[in-house]
Amino acid sequence: MIELTQMSVDEYNRIRDGNMTPSMAAEYLKVGRIALRSFRDVLLSLYPEADLQQKLTDAFLAASPDSAPASVARKVRNWLKGQNKPTSREDVFLIAFALGMTEGQAGAMLCYCTEYGIHYREGRDLVYAWFLRMGRSYQEAKAFYESMPAHPPVQEAPQAGQELTHQIQQKHLFLQTEEELRAFYLEQLPLMGENHTRAYHYFQRYLNKLIHPDPAWDEDDERVYSLDAVMEEYLSMQMPSGKDRSGYSVCQKLIKRNWPNTTALKNIRAGREDVSRKLLLLLYVITENVVDEEYSEFDEDYFDLADRLEDHWWVINAILNDCGMATLDPRNATDWLVLYALTATDEAMSERMEQVIEAMFEE
């Protein structure tokens, strides 16, 4: 979970106070008043030592002796300046080994950099997590993983009843030797895959609500939306189309980046693509997490904005944690926007979010 520093608490309280109109929220994000969390912040919270830059540079050069030293040093400097972050899970694992991180710390850093923490149904993650826990080296972990057969690509959506990642993780904790790890890897090979089963089930649950928006008293009269219609009706939210981001501020770029489209919805539904954290959060906001018409005491008028926001905070974090994703971070631009949308009172949460996006990207 992301540590709630004082700056994080300040951002949360700013939203909870309810003093911002959508246009004010749009301006706050657009001009960059939010204290965004950088990769440097994350790294220093896990390894606050003075030799950080040299340690990482040496580690990457040792892992790739043919790399140009100046190029490697520049890449590390850019990370430590907060200009960007590693997006390769291999690079993140290498950093974790180089800095002597625990399995849990590596998972937190993976969450920040790649949306998902350690995925115990994926071969590399399963192996690297064990070597981290045992205090072994990156070179040993990589050599062991490369000696194992790769799991076949999964070309279909996860099935109900499939063994979940956390169940495999629990068994993984009891492995003590390389021989046990090898046997466990081979045993789990048929279940392995890159996509996350829990996130897919949440996605499917929310998507079904949008595809079938009304209760069906008569099956012939049931309204069914196509994925194109779902995208147009619910998920577009006034977000500008196209890939051109020239002239956008940092927050505008972060919020627009990887905004879902119909192709992504189709690929996820077919199991060809993983569920993104941004999509899962958007689906929560659009459905307001009411997919079975269940009653929530926090819908009653006697609960104020702060109470409702706190309730959603815990519910969303439980979902994200269940999916192996980073929990909400008020210093993340998209998360800030999601939290702001949750404060809607006189309109739907999705309408409140759409108002901010429209104001942020107006010509």
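All figures in this text were calculated on a predicted structure; none of them were measured in a lab.
- Salt bridge absent: K85 and D91 never bring a charged side-chain N and a carboxylate O closer than 4.0 Å.
- Contact check for S350 versus M237: side-chain heavy atoms found under the 4.5 Å cut-off.
- Between Y120 and H166, the side chains place no donor N or O within less than 3.5 Å of an acceptor N or O (distance only, hydrogens not considered).
- Side chain to side chain, D322 and Y202 meet the donor-acceptor criterion of an N or O pair below 3.5 Å.
- Judged by distance alone, with hydrogens and angles left aside, the side-chain atoms of R198 form no donor-acceptor pair with the main-chain N or O of N321 at under 3.5 Å.
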- Begin from the C-alpha positions of N332 and L36 and carry the test side chain to side chain contact (heavy atoms under 4.5 Å, CB included) through to its verdict. CA-CA 6 Å; N332 172 297; L36 293 173; over 6 Å; no
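- The number of heavy-atom neighbours closer than 6.0 Å to CD of E232, taken from other residues, nucleotides and ligands shown, is 12 or below.
- A donor-acceptor contact shorter than 3.5 Å links the side chain of K278 to the backbone of I255.
- Counting heavy atoms from C-beta on, the side chains of W79 and L43 never come closer than 4.5 Å.
- Using a 4.5 Å heavy-atom threshold, the side chains of L44 and L80 count as separate.
- Heavy atoms only, all atoms of each residue included: S38 and Y112 are closest at C-OH, 3.2 Å.
- When side chains are defined from C-beta on, L279 does not count as touching Y284, because their heavy atoms never get closer than 4.5 Å.
- Remark: the backbone N or O of R37 is not paired with any side-chain donor or acceptor of D41 at under 3.5 angstrom.
- Between the side chains of D274 and H196, at least one donor N or O lies within less than 3.5 Å of an accepting N or O.
- Counting only distance, with no hydrogens or angles, the side chain of S64 and the backbone of L61 share no donor-acceptor pair below 3.5 Å.
- Between the side chain of Q252 and the main chain of S249, a donor-acceptor pair closer than 3.5 Å is present.
- Looking at F39 and I95, their side chains come closer than 4.5 Å, going by heavy atoms from C-beta outward.
- Judged purely by atom type and a 3.5 angstrom limit, W313 has no side-chain atom pairing as donor or acceptor with the backbone of L328.
- Note that NE2 of H312 is 12.5 Å distant from CG of N317, once rounded to the nearest 0.5 Å.
- Taking the side chain as every heavy atom from C-beta outward, Y206 and N289 approach each other to under 4.5 Å.
- Taken to the nearest 0.5 Å, the CZ atom of R272 stands 4.5 Å off from the CG atom of N267.
- Other residues, nucleotides and ligands contribute over 12 non-hydrogen atoms within 6.0 Å of the CG atom of N13.
- Looking at heavy atoms from C-beta onward, P330 lies out of side-chain contact with D335 at the 4.5 angstrom threshold.
- Annotation for A264 and N261: closest pair N-OD1, 2.8 Å, computed over non-hydrogen atoms.
- Atom-to-atom distance recorded for R205:CZ and T287:OG1 is 8.0 Å, nearest 0.5 angstrom.
- Closest approach of V92 and C113 over heavy atoms only: CG2-CB, 3.9 Å.
- One finds the CG atom of L189 at 11.5 Å from the CZ atom of F184 (value rounded to the nearest 0.5 Å).
- Both the sub-6.0 Å distance and the 45° axial angle are not jointly satisfied by K256 relative to the ring of F361.
- With a 6.0 Å cutoff to the six-membered ring centre and a 45° limit on the axis angle, R269 does not count as a cation-pi contact of F203.
- Listed by first and then second residue, the salt bridge (charged side-chain N to carboxylate O under 4.0 Å, His left out) pairs involving residues 59-82 amount to none (not counting sequence neighbours).
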- Message: If you apply the rule side chain to side chain contact (heavy atoms under 4.5 Å, CB included), what do you find for E310 with Y12, and how did you get there?
- Response: CA-CA 10 Å; E310 184 176 3; Y12 180 89; 3.9 Å; yes
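- The heavy-atom pair separating A333 from L29 by the smallest distance is O-CD2, 4.4 Å.
- A distance of 6.0 Å or more separates the ring centres of Y225 and H212.
- Checked by atom type and distance alone, the side chain of R352 never pairs as donor or acceptor with a backbone atom of E347 at under 3.5 Å.
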- Task: Step by step, work out the side chain to side chain contact (heavy atoms under 4.5 Å, CB included) result for E115 and S276.
- Result: CA-CA 8 Å; E115 294 197 342; S276 74; 3.8 Å; yes
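- Interatomic distance, I211 CD1 to L227 CG, rounded to the nearest 0.5 Å: 5.0 Å.
- Taken to the nearest 0.5 Å, the CE atom of M20 stands 8.0 Å off from the CD1 atom of I15.
- The backbone N or O of D307 lies less than 3.5 Å from a partner atom in the side chain of D304, making a donor-acceptor pair.
- Listed by first and then second residue, the salt bridge (charged side-chain N to carboxylate O under 4.0 Å, His left out) pairs involving residues 13-24 are E11-R14 (not counting sequence neighbours).
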- Item | Stepwise side chain to side chain contact (heavy atoms under 4.5 Å, CB included) test for R89 and D125 | CA-CA 9 Å; R89 292 178 70 82; D125 286 25; 2.4 Å; yes
Pairs of donor and acceptor atoms involving the side chains of residues 129-139, under 3.5 Å and at least two apart or interchain, shall be tabulated with distances.
unit_1 : atom_1 : unit_2 : atom_2 : d
W130   : NE1    : L175   : O      : 3.0
R133   : NH1    : E103   : OE1    : 3.0
R133   : NH1    : E103   : OE2    : 3.1
R133   : NH1    : H172   : ND1    : 3.0
R133   : NH2    : H172   : O      : 2.7
R133   : NH2    : H172   : ND1    : 3.4
R136   : NE     : E140   : OE1    : 3.2
R136   : NE     : E140   : OE2    : 3.3
R136   : NH2    : E140   : OE2    : 3.3
R136   : NH2    : E178   : OE2    : 2.4
S137   : OG     : E140   : N      : 3.1
S137   : OG     : E140   : OE1    : 3.2
Y138   : OH     : E90    : OE2    : 2.6

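- Side-chain N or O atoms of E122 include none that pairs as donor or acceptor with a backbone N or O of H119 at under 3.5 Å.
- Of the possible donor and acceptor atoms, one in the side chain of R121 sits under 3.5 Å from a partner among the backbone N and O of N195.
- In terms of heavy atoms, R277 sits closest to T327 at NH2-O, 3.2 Å.
- Counting all heavy atoms, side chain and backbone alike, S236 lies closest to W259 at O-NE1, 3.9 Å.
- Connection of M353 to L305 is not established within any shared hydrophobic cluster, with ILVMFWY side chains joined at heavy-atom distances below 4.5 Å, either directly or through further cluster members.
- Legend: residues meeting ring pair (Phe, Tyr, Trp, His ring centres under 6.0 Å) with Y47, ordered by chain and number and at least two apart, are absent.
- Not a single side-chain hydrogen bond (donor to acceptor under 3.5 Å, both in side chains) links E180 to another residue, sequence neighbours left out.
- L173 and Y128 fall into different hydrophobic clusters, defined by Ile, Leu, Val, Met, Phe, Trp and Tyr side-chain heavy atoms under 4.5 Å apart, directly or through other members.
- Qualifying side-chain hydrogen bond (donor to acceptor under 3.5 Å, both in side chains) partners for E351, counting only residues two or more places apart in sequence or in other chains: none.
- Looking only at atom types and distance, the side chain of S8 has no donor-acceptor partner in the side chain of R331 under 3.5 Å away.
- You'll find the side chain of T21 reaches within 4.5 Å of the side chain of M24, heavy atoms only.
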